[in-house]
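Following: one structure in structure tokens, then a few remarks.
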Amino acid sequence: MSATTPTPLDGNEHLPASADLFSDDPLKPAFTARLHTDAPRTLVNSIPMEGTDFIAPFVPCTVEVAREALAFARVGADDEKDEVVVDLGCGDGRVLEQALLLSSGASNPATPPSRTRIRTVGVELDPHLAAHLRAVVAPRYADGLMRIIEANMFEIDLVELGATVLVLYLLPKGLSMLRNQLGKWLHGGDLRRIVTITYSIPVWNCERAKEVNRQWLFYYDAADIREGE
């Protein structure tokens, strides 16, 4: 698989030997170099983040974890309710893709497709990743099913996007900076929920969590939020 012949990501992930995507930042997980992405380049991983609006490097989760996060958020579980899945800092769009594949049944042939209409919105600050998403990933799906916004996530109006579910893979610093924004959104409507990957939202107490391949998923809705001591 190469960047010149992109196909949707599957569970057999590896990073092509010719790809030069990841810097030598020691803070990035050791497994990063073993993850496949068809994004040809990034800005965030090639420059120091200090003094920029970037708050985290591009480090994708596995496709399996993305699927499990969506299942934990119960995306598509209610056939009577449309969903808008939003990923802030969406990287190469794998969470968005898995949400759309869920609606078609392609993510797991053993599971019937959801009758819920699922749309996705990815917010990505890195211009190279955003361009790749618009040019390569979004056209794989019907018009309007995947919207890509090149913007700072802290300036996004989640209500305006119509978000019903957030799936976030961010460092604790980013989650902490988003906390007020997320809390207002959660309390602003019924059935809104958040699943975070690997890191919980600082200060909030989470009573629903599960482990997937040594990574944790944390679930939040308005009823679950109470400030920690």
Side-chain angles (χ1 to χ4, degrees), residues 1-11 13 21 35-44 56 58-79 81-109 111 113-153 155-170 185 192-197:
M1 189 182 299
S2 70
T4 56
T5 56
T7 57
L9 295 169
D10 58 23
E13 300 179 15
L21 295 174
L35 292 174
H36 168 78
T37 177
D38 60 4
R41 61 188 299 209
T42 70
L43 176 63
V44 64
F58 168 50
V59 180
C61 67
T62 66
V63 168
E64 180 184 3
V65 168
R67 290 172 183 159
E68 290 290 337
L70 291 161
F72 197 34
R74 303 187 72 252
V75 172
D78 186 347
D79 290 337
K81 185 178 183 299
D82 291 347
E83 297 275 28
V84 178
V85 178
V86 175
D87 184 356
L88 301 178
C90 63
D92 62 6
R94 63 185 59 202
V95 168
L96 310 179
E97 284 208 271
Q98 291 306 311
L100 295 177
L101 292 173
L102 176 69
S103 67
S104 68
S107 64
N108 184 354
T111 302
S114 169
R115 290 184 292 176
T116 303
R117 183 172 185 266
I118 298 174
R119 293 181 293 117
T120 62
V121 181
V123 178
E124 179 52 57
L125 184 60
D126 189 307
H128 299 314
L129 289 170
H132 170 72
L133 289 164
R134 289 192 295 263
V136 177
V137 181
R140 295 171 182 159
Y141 306 95
D143 286 349
L145 293 186
M146 184 184 293
R147 178 184 175 190
I148 304 302
I149 303 173
E150 184 180 335
N152 188 321
M153 68 180 73
E155 299 172 358
I156 291 296
D157 186 334
L158 295 170
V159 175
E160 184 178 323
L161 294 183
T164 60
V165 180
L166 302 185
V167 177
L168 307 176
Y169 187 21
L170 297 169
W185 172 76
R192 294 175 180 176
R193 61 261 195 224
I194 299 169
V195 168
T196 64
I197 298 170

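What you see below is based on every heavy atom in this structure, not just the backbone, and it leaves out hydrogens, waters and symmetry mates.
Phe58 is not listed as a side-chain neighbour of Asp126, based on a closest heavy-atom distance of 4.5 Å or more. Residues Ile148 and Leu96 form a side-chain contact, since some pair of their non-hydrogen atoms from C-beta on lies under 4.5 Å apart. Side-chain atoms of Arg94 and Thr37, non-hydrogen and from C-beta on, do get closer than 4.5 Å to each other. In this structure, the side chains of Ile149 and Leu161 come closer than 4.5 Å at one or more pairs of heavy atoms.
Within the 3.5 Å criterion, the main-chain N or O of Leu145 finds a donor-acceptor partner in the side chain of Thr120. With Thr196 contributing its side chain and Leu168 its backbone, the two residues share no donor-acceptor pair below 3.5 Å. Judged by distance alone, with hydrogens and angles left aside, the side-chain atoms of Arg41 form no donor-acceptor pair with the main-chain N or O of His128 at under 3.5 Å.
Pairing each heavy atom of Gln98 with each of Ala66, the nearest pair is CG-CB, 4.2 Å. Nearest heavy atoms, Val195 versus Ala73: CG2-CB, 3.6 Å. For Leu70 against Ala99, the heavy-atom pair with the smallest separation is CD1-N, 3.4 Å. Counting all heavy atoms, side chain and backbone alike, Ala163 lies closest to Val86 at CB-CG2, 3.5 Å.
Taking CG of Asp92 as the reference point, atom CG of Leu133 lies at 7.0 Å (rounded to 0.5 Å). Rounding to the nearest 0.5 Å places CG of Leu102 at 4.5 Å from CD1 of Ile118. A distance of 7.5 Å separates CD1 in Ile156 from CG in Leu88, rounded to the nearest 0.5 Å. The line from CD of Glu68 to OG1 of Thr62 is 9.0 Å long, rounded to the nearest 0.5 Å. Interatomic distance, CG of Leu158 versus OG1 of Thr164, reported as 11.0 Å (0.5 Å rounding).
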- Task: Could you check Trp185 against Leu166 for side-chain contact (heavy atoms from CB on, under 4.5 Å), going step by step and ending with a plain yes or no?
- Result: CA-CA 10 Å; Trp185 172 76; Leu166 302 185; 3.7 Å; yes
- List the steps, then state whether side-chain contact (heavy atoms from CB on, under 4.5 Å) holds for Val159 with Arg192. CA-CA 11 Å; Val159 175; Arg192 294 175 180 176; 4.1 Å; yes
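Applying the salt bridge (Lys or Arg N to Asp or Glu O under 4.0 Å) test to pairs two or more places apart or on separate chains, none has a residue in residues 155-167. Applying the salt bridge (Lys or Arg N to Asp or Glu O under 4.0 Å) test to pairs two or more places apart or on separate chains, those with a residue in residues 142-153 are Arg134-Glu150.
Of the options Arg193, Arg74, Arg119, a salt bridge (charged side-chain N to carboxylate O under 4.0 Å, His left out) to Glu83 is made by Arg193 and by none of the others. Among Met153, Met146, Glu124, Glu97, the single residue meeting the side chain to side chain contact (heavy atoms under 4.5 Å, CB included) criterion with Cys90 is Glu124.
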